[in-house]
Amino acid sequence: MEKKPIIRVRNMVAKYGENTILQDINADFYPQQVTVILGSSGCGKTTLLKNILRLYQPESGSIEMFGVETMGMEETAFEALLGRMGMLFQNGALLNSLPVYDNIAIPLEQHTCLPPEIIRRIIEVKLNLVNLSHAINMLPSELSGGMRKRAALARAIALDPEILFCDEPSSGLDPLTSAAMDNLILKLKNQLKMSIVIVTHELASIHRIADRIIFLDQGKAVFSGTLQEAMNCNIPAVLTFFEVGKF
Amino acid sequence: MKQENNTLFLDGAVTKVTVPALFAEQKNLDLNSITSIDGKNITELDSAGVAFIDGVLLQAKLTSSALVHLTSDHREQYHTFSSLALDAAPHVQSVPVFQQIGEGVLQWVSSLQDALYLTADIAFWSVVGLFNHKGQRKGAVEQQSLLIGVNAVGIVGLLSLVLGLILALQSAAQLRQFGANIYVADLIAISMVREMGPIITAILLAGRSGSAIASEIASMKVSEEIDALKMMAINPIRYIVVPKFHAITICMPLLVTLSNLVGILGGLIIGITYLDLSPTAFLNEVLNVLVLRDIVISLAKSEIFAWAIVIIGSYFGFHVKGGAEGVGRATTNSVVASIFAIILVDAIFSLVFYF
Ligand SMILES: Nc1ncnc2c1ncn2[C@@H]1O[C@H](COP(=O)(O)OP(=O)(O)O)[C@@H](O)[C@H]1O
Ligand SMILES: [Mg+2]
């Protein structure tokens, strides 16, 4: 815990037009840890990820990644950083016109000079990790929702990123596949020393993988700490979440 | 990376950054003589590095047991990312040419069949829809008429005027030589009413409304909206296509009439300014040469064009394949196919009513 955070967000404000979604967010994401972002649906979790990744420009505040301030950073410098990160989007966001294989090949071809033979092997392995080897030549429109999500995860981890962002990776997956996803995420964290940021609502999954929790409520980060601390804290919104999920 | 006796020593980082160089270097090695790979000095490994090691092992015809002295961390990583245990991905087999041609023909026949079924469906429900408005949104026909008809008035009018001007101007130069100035009226009247008016209007509508119909239906199909309609016991043809069909049936003759009139006006302008004709003489000649039959054929033809546009647009919409990218394809195909159909129908009309 004493390690320096790999992502440090300070006083970030995010808006869509006039509509303020996040105000004054402070959050730390630590290396080699799984940080889970919690919050009711529509409270701005996806918005937080997208603002950290500069897919939207935050209104104000500071975001440090890998110890470097990224607000106001040159586009090209930021692109180099993007090669060290992967993101699994909420709806997969596979390119519909390309088969699964080419979708995963894109980041590899964009960010490395690896020979095609090696790229092919990496793609096969990554697809096997998400248990989707049979779909290698299929088009996204021929996959089910859960399969699309797994293919998207394979694309997100194609480059062995240092930070992996997952937006609701297990929604739409059956419990078995979802557990397998959790195992894969733990494997990535332990073996590849990845730092992982996950948005999820699955309590079982949170107990399996979470090291730290950040809880968003009404545009603010109301809690940030370890899983243990979260379960023993006295913030009503957080407690309700863990209580309701328990039955 | 260096080779000593029969062992290949890897050192430092073996990652996506270093692998391209290692891969080039490896081509100069005699991999067949290698019996083991020593990974003791590897400091960093990732999936690209593992893929590289797998490649070397494969070429040296070794198994993963020939990889020695890895730290336990790296050994775990190797097992996570090794592709040696995977079955080779299935290869896509190419289909022989004759089979492709045969399948293409069969597919064409079956899509023609589908299109005929769809035509029958649309025809049936349009007639039913005249008497029974159930399963249609209120005001849908009016709304569609606005989109298909009213909004097209400007562009149809403008194009027809320009077309009339051009036709008259081109022929005026020839007719003058024979002092047959007045016949420009005959020429414009006949060509606008029998050919140009219907054709130019139909092609414009194919581009404007045919593409809109195809893309609307295709995107509804892709986002499962059509399935949702069916689940609510609403016939998608009745709900989506019939209002458009009625609207275009009403609007097309009006647009064609507009196009004919404005085209003749274009001819009149050239007649007055360039050929020294009096407006009365020109209009008299026009009324003399046009018979009712011409106008009826013109309007009948344009109805067929209009129906072809709706039917083809909805055919490509309903038969969209794939996701969002299929919508674009369906739209393009529908425009090309409707223009083709329009010209084909026009040719048939010309042959049948030649005499
Ligand atoms: N592109 C957008 N434009 C405007 N508002 C948006 C956009 N995306 C999301 N929002 C709004 O921002 C809020 C947070 O959305 P989001 O971050 O997607 O929530 P979630 O926590 O479920 O991921 C919601 O109220 C949503 O209506
Ligand atoms: Mg979201």
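All values reported here derive from a predicted model rather than from experimental measurement. Sequence lines set the chain letters: A, B, ... in the order given, protein chains first and strands last, and positions in each chain run from 1. Side chains included, hydrogens not; waters and symmetry mates left out as well; all remaining heavy atoms used.
- Atom-to-atom distance recorded for A/Q191:CD and B/E76:CD is 4.5 Å, nearest 0.5 angstrom.
- Most heavy-atom pairs under 4.5 Å with chain B: of the set A/T112, A/L95, A/L114, this distinction falls to A/L114.
- With chain B as the partner, the residue from A/L108, A/L139, A/N96 showing the most heavy-atom pairs under 4.5 Å is A/N96.
- The backbone N or O of A/L159 lies less than 3.5 Å from a partner atom in the side chain of B/K16, making a donor-acceptor pair.
- More than 12 heavy atoms of other residues, nucleotides or ligands sit less than 6.0 Å from atom CG of A/N190.
- Within 6.0 Å of atom CD in A/Q228, 12 or fewer heavy atoms from other residues, nucleotides or ligands are found, so the atom counts as exposed in its surroundings.
- For A/I118, the parts sitting under 4.5 Å from any heavy atom of chain B are the backbone and the side chain alike.
- Taking each heavy atom of A/V125 and B/F81 in turn, the nearest pair found is CG2-O, 3.0 Å.
- Crowding of A/D174 atom CG: a count of heavy atoms from other residues, nucleotides or ligands under 6.0 Å exceeding 12.
- Looking at B/I53, there are no atoms closer than 4.5 Å to chain A (heavy atoms on both sides), in backbone or side chain.
- With a 4.5 Å cut-off on non-hydrogen atoms, A/I119 does not touch chain B at all.
- When the shell of 6.0 Å around CZ of B/F340 is examined, it contains 12 or fewer heavy atoms from other residues, nucleotides or ligands.
- Using a 4.5 Å cut-off between heavy atoms, B/F52 contacts chain A through both its backbone and its side chain.
- Annotation: B/E224, atom CD; neighbour count of heavy atoms from other residues, nucleotides and ligands within 6.0 Å does not exceed 12.
- Of the listed residues (B/D46, B/V19, B/T80), the one with the most heavy-atom contacts under 4.5 Å to chain A is B/T80.
- Taken from NZ in B/K321 to OG in A/S141, the straight-line distance is 11.0 Å, to the nearest 0.5 Å.
- At a 4.5 Å heavy-atom cutoff, the contact between A/S97 and chain B is made by backbone and side-chain atoms alike.
- Ranking B/S82, B/G328, B/S47, B/A48 against chain A, the residue ahead of the rest is B/S47, based on heavy-atom pairs under 4.5 Å.
- A salt bridge links B/D73 and A/K193; the closest N-O separation between the charged side-chain nitrogens and carboxylate oxygens is under 4.0 Å.
- Between atom OG of residue B/S83 and atom CZ of residue A/R121 there is a gap of 5.0 Å, rounded to the nearest 0.5 Å.
- Around atom CZ of B/F98, no more than 12 heavy atoms belonging to other residues, nucleotides or ligands sit under 6.0 Å away.
- Taking every heavy atom of both residues into account, A/I122 and B/A51 meet most closely at CG1-CB, 3.8 Å.
- When all heavy atoms are compared, the tightest approach of A/P115 to B/P20 is CD-CA, 4.4 Å.
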